[in-house]
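Working notes for the structure below.
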Amino acid sequence: MIKVYYTRFAAPVPEPLWMHMLNMLPQTMQHNILRYKRWEDRHASLLGKHLLLKAWSQRYNDVPALDRLQYTAYNRPYLDSGADFNISHAGEMVVCAIADNGQVGIDIEAAKPLDILAFQSLFNPEEWQHILDAPDRLLQFYQYWALKESVVKADGRGLSVPLKACVIHDHNWAMLENKHWQVQELHLASGYTCFVAFDYMQEIQLHAVDFPAQP
């Protein structure tokens, strides 16, 4: 089973709760969070770690030791035992996917206006034509973008792999270097596009998380 935990923040977390949640994390992780200049980025990073804590504790009935978090050569975080997980954030949304089996990747994008023509190189000719022919070009663009990013994140190499190398067959599966990946769109909030990618067919459950106003 894949469980996806997600939360939304529209304003800064109250200071007492912020300090409480920050102090629950390892010192190195705290320092990395505080290095962000924008409060939105600090909050997204903090809440992503707490979604992981919640997802892991509910799956294993135990709190993961985040001070033992390790990183692959491609800077993908993992714990030395247990399920695979992946975190993403955009705008006011933060998501965390955790999988019982296989590898999982998740990506969320805030559908903001942009010049999609500047990103044509990310897509093969057939994908690009689908975007141009779509009733809503911007929506189709973000769907394909989030789908591709979820796959390269599940693969583990992230954006070190050109997004063009991920070939979309439809909104249910894609190929990356001859490996088949299942993909599923998640409808979490208006104005956002989110996809989860996985290499082992399994059920997906969504869990909305509202962090309390006080510690």
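All values derive from a computational prediction rather than experimental measurement.
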Original post:
Would the number of heavy atoms belonging to other residues, nucleotides or ligands and lying under 6.0 Å from CD of Q205 be above 12?
Top reply: yes
Original post:
How about Q103 and Y200: does a side-chain donor come under 3.5 Å of a side-chain acceptor?
Top reply: no
Subject >> Carboxylate-amine/guanidinium contact K148 E127, below 4.0 Å >> reply: yes
Original post:
Under 4.5 Å between any side-chain heavy atoms of H130 and Y144, yes or no?
Top reply: yes
**OP:** Run the salt-bridge test on D100 and K3 with the 4.0 Å N-O cut-off and return the result as yes or no.
**Re:** no
Original post:
In terms of side-chain geometry, is the basic nitrogen of E177 or R157 positioned less than 4.0 Å from the acidic oxygen of its partner?
Top reply: yes
Original post:
Less than 6.0 Å separating the ring centroids of F119 and W145?
Top reply: yes
Original post:
Do V209 and F211 come close enough that some side-chain heavy atom pair is under 4.5 Å?
Top reply: yes
Original post:
Are R76 and D155 within salt-bridge range, i.e. N to O under 4.0 Å?
Top reply: no
Original post:
Does the side chain of Q129 pick up a donor-acceptor pair with the side chain of D133 at under 3.5 Å?
Top reply: yes
Subject >> V183 versus S150, closest heavy-atom pair with distance >> reply: CG1-OG, 4.3 Å
Original post:
Which one of Q58, K54, H50 satisfies the side chain to side chain donor-acceptor pair (under 3.5 Å) criterion with Y5?
Top reply: Q58
